[in-house]
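The structure under discussion appears below in the form of C-alpha cells.
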Number of protein chains: 2
Amino acid sequence: MKMSEKVLEIEKINEKLTERNGFMANCQRLIDTEDDETFLSVFSTIPDFPVGYASAEKAMALISGKWKYTILRRIFIRRRMRYSELKKSLEADGITDNMLSSSLKEMVQAGLLTKTIYAEVPPRVEYSITAKAIELYRIILRLAMWYITYEKKELQELLEAAETKDL
Amino acid sequence: MKMSEKVLEIEKINEKLTERNGFMANCQRLIDTEDDETFLSVFSTIPDFPVGYASAEKAMALISGKWKYTILRRIFIRRRMRYSELKKSLEADGITDNMLSSSLKEMVQAGLLTKTIYAEVPPRVEYSITAKAIELYRIILRLAMWYITYEKKELQELLEAAETKDL
DNA sequence: CTGAATCCTAAACGATACTG
DNA sequence: CAGTATCGTTTAGGATTCAG
C-alpha cells in the first residue's frame with residue numbers, strides 16, 4: 001500500500017464523518033423546533049441529504065419484520081435469555097425455529113443483541129441486550145406514545161358522542 | 001337504546017382511556033430514566049400490557065412499506081402537493097401510479113395527510129401534511145440520529161485503523 | 001440444545017392498461 | 001388530472017425436516 005492510498009482512505013472516512021456530523025446537527029435543529037410552523041420553515045432550508053434520509057429507513061429496517069420487536073421485548077424483561085427459553089416464551093405466539101433463529105441472527109448483526117456461546121454439553125447459547133438496543137427502545141416508546149396520544153383523542157370524541165347520545 | 005346500554009358504553013370507553021393513561025405514564029417513566037441500568041430495573045417492574053405494546057407496532061405499520069416515508073418527505077418540503085407534482089417528483093425513483101395512490105390513501109386514512117379535492121375541470125387534488133405527521137417526523141429524526149450515532153462510531157474505528165496502518 | 005436447509009404459501013410490490 | 005383494475009413477479013413468512 002502506498003502513502004497516497006493511505007491518505008486518500010483517511011480523507012474519504014473523514015469526509016463521511018463530516019457529512020454525518022452535519023446531518024446530525026440538522027436533525028437536532030429540527031427536533032428542537034418548538035412549533036410546527038418553525039419545523040416546516042427549518043425543514044425547507046435543509047438541503048437534501050440522501051445518506052441521512054436513508055439512515056432512518058435503515059433504522060426502521062432493523063426492527064421491521066414480524067418478530068424482532070416481540071423478541072426484543074422478551075429479552076428486555078430478563079436481560080439475557082437462552083434460545084430455548086425464548087422459544088418456549090414465544091411458542092404461544094406461534095413462532096417457528098426458522099423465524100426465531102433468523103431474527104436473532106439479524107439482531108445480533110445489527111448490534112441489538114450479543115450472542116454468547118458457552119462450551120458446554122449440551123450447548124448453551126445466551127442472547128443479551130446491548131446499550132444500543134436500549135437507546136432504540138426509548139425511541140420505540142416515543143412511537144408508542146405518539147400512537148396512543150391520537151388514539152386517546154379518538155376515544156375522547158367517542159366518549160363525548162356517547163354522553164350526548166339520546167336514549 | 002336503553003339507559004343501561006349507554007352507561008355500559010361510557011364505562012367501556014373510560015376503561016380504555018384509563019388503560020392508555022397508565023401505559024403513557026409508564027412509557028414516560030421509562031424514557032426519563034437516566035441510565036440503562038435504571039431503565040432495565042423499571043422495565044421489569046412494569047406489568048405486561050399487550051394493548052400498549054401493540055401500539056408501537058401499529059405506529060411502525062403506518063410508515064412501513066417502500067414509499068410512505070419518501071412521499072412524506074417530499075410533501076414536507078412543499079407542505080402541500082398535488083398528485084401530479086408528487087408523481088413527477090418521484091418518477092425518477094421509479095414509483096408507479098399504483099403504489100403512489102395506494103400509499104397516499106393509507107396515509108390519509110392514518111391521519112398523516114389531508115386530502116383536498118377542488119371542484120375544478122380538470123380536477124385538482126392536493127395532499128397536505130398534518131400536525132400528527134410532523135410529530136411523527138420528529139421521532140423518525142431521532143431514529144435517524146440513533147442509526148448515525150453508531151455508524152459514526154464504526155467510522156471512527158475505521159479511521160483509527162487506517163491511521164495506524166503500516167505502509 | 002441450537003439452530004440451518006428446504007420447500008411452500010401469502011402478501012407486498014411492479015407493469016400495464018384503462019376510466020371518470 | 002387523478003386515479004383504479006388486472007395481472008405477473010418478488011419477497012417475507014411459515015411448515016417441516018435434518019444436523020452439529
Side-chain angles (χ1 to χ4, degrees), chain A residues 54 57-75 78 80-110 112-129, chain B residues 54 57-72 74-75 78-110 112-129:
Chain A
E57 282 172 1
K58 286 180 189 168
M60 290 189 269
L62 296 188
I63 41 168
S64 72
K66 193 172 181 183
W67 295 105
K68 289 183 196 162
Y69 173 57
T70 308
I71 294 170
L72 206 60
R73 242 177 42 230
R74 294 298 160 100
I75 306 186
R78 309 260 303 271
R80 56 191 302 120
M81 289 175 83
R82 36 195 305 191
Y83 184 90
S84 50
E85 288 178 313
L86 274 165
K87 178 74 192 301
K88 198 178 174 188
S89 163
L90 294 164
E91 229 155 31
D93 300 299
I95 199 170
T96 62
D97 278 320
N98 201 341
M99 285 294 100
L100 179 56
S101 76
S102 67
S103 300
L104 286 171
K105 186 185 270 183
E106 284 178 47
M107 291 163 80
V108 168
Q109 168 62 26
L112 301 176
L113 296 177
T114 306
K115 177 176 180 176
T116 314
I117 305 172
Y118 296 89
E120 299 174 1
V121 180
R124 181 160 65 99
V125 176
E126 286 189 346
Y127 294 89
S128 52
I129 47 181
Chain B
E57 282 172 0
K58 286 180 188 169
M60 290 190 270
L62 296 188
I63 41 168
S64 72
K66 193 172 181 183
W67 295 106
K68 288 183 196 162
Y69 173 57
T70 308
I71 293 170
L72 205 61
R74 293 298 160 99
I75 305 187
R78 309 260 302 272
R79 304 189 184 207
R80 56 191 300 120
M81 289 174 83
R82 28 197 311 190
Y83 184 90
S84 52
E85 288 178 313
L86 274 166
K87 179 75 192 301
K88 198 178 173 187
S89 163
L90 294 163
E91 229 155 30
D93 299 301
I95 200 171
T96 62
D97 277 320
N98 204 338
M99 284 295 100
L100 179 56
S101 77
S102 68
S103 300
L104 287 171
K105 187 182 270 181
E106 285 179 46
M107 290 163 82
V108 169
Q109 168 63 25
L112 300 176
L113 297 177
T114 306
K115 178 177 180 175
T116 313
I117 304 172
Y118 296 89
E120 299 174 1
V121 180
R124 181 158 64 101
V125 175
E126 286 190 346
Y127 294 89
S128 52
I129 47 181

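Numbered from 1 within each chain, the chains take letters A, B, ... in sequence-line order.
As judged by a 4.0 angstrom heavy-atom cut-off over every strand, Lys105(A) is placed among residues touching the sugar-phosphate backbone only. Contact annotation for Tyr118(B): no contact, since no heavy-atom pair falls under 4.0 Å across all strands. Heavy atoms of Lys88(B) sit nowhere under 4.0 angstrom from any nucleic acid atom. Among the protein residues, Ser101(B) comes within range of the nucleic acid bases, having at least one heavy atom under 4.0 Å from a base atom.
The nucleotide range of DNA chain C contacted by chain A, defined by atoms under 4.0 angstrom from heavy atoms of the protein and reported 5' to 3', is dC1(C) to dT6(C). Heavy-atom contacts of chain B under 4.0 Å fall on DNA chain D between two terminal nucleotides, which in 5' to 3' order are dC1(D) to dT6(D).
Every residue two or more places apart in sequence or in another chain that forms a side-chain contact (heavy atoms from CB on, under 4.5 Å) with Ser128(B) is listed here: Arg80(B), Thr114(B). With sequence neighbours left out, the side-chain contact (heavy atoms from CB on, under 4.5 Å) criterion links Ser102(A) to Met99(A). Judged as a salt bridge (charged side-chain N to carboxylate O under 4.0 Å, His left out), and not counting sequence neighbours, the contacts of Arg124(B) are Glu120(B), Glu126(B). Every residue was checked against the salt bridge (charged side-chain N to carboxylate O under 4.0 Å, His left out) condition with Glu57(A), not counting sequence neighbours, and none meets it. Every residue two or more places apart in sequence or in another chain was checked for a side chain to side chain donor-acceptor pair (under 3.5 Å) with Ser103(A), and none qualifies. In this structure Lys87(A) satisfies the salt bridge (charged side-chain N to carboxylate O under 4.0 Å, His left out) test together with Glu91(A), Asp97(A), sequence neighbours excluded. When the side chain to side chain donor-acceptor pair (under 3.5 Å) test is applied to Gln109(A), no partner is found at least two apart in sequence or on another chain. By the side chain to side chain donor-acceptor pair (under 3.5 Å) test, Asp93(A) is found to be paired with Arg74(A), residues two or more places apart in sequence or in another chain being considered.
Of the residues in residues 91-99 of chain B, Asp97(B), Asn98(B) come within less than 4.0 Å of DNA chain D through at least one heavy atom, sorted by number.
Shown here for Ser64(A) and Ala61(A), the closest heavy-atom pair between the two residues is OG-O, 2.9 Å. In this structure, Leu112(B) and Leu62(B) approach most closely via the heavy-atom pair CD1-O, 4.1 Å. Contact record, Met81(A) with Glu85(A): CA-OE1, 3.3 Å, taken as the closest heavy-atom pair.
Axis deviation across the helix from dC1(C)-dG20(D) to dG20(C)-dC1(D) amounts to 50°, comparing end segments of five pairs, rounded to 10 degrees.
How far CG of Leu90(B) is from CG of Leu100(B): 6.5 Å, rounded to the nearest 0.5 Å.
Using a 4.5 Å heavy-atom cutoff, the side chains of Met60(B) and Tyr69(A) are in contact.
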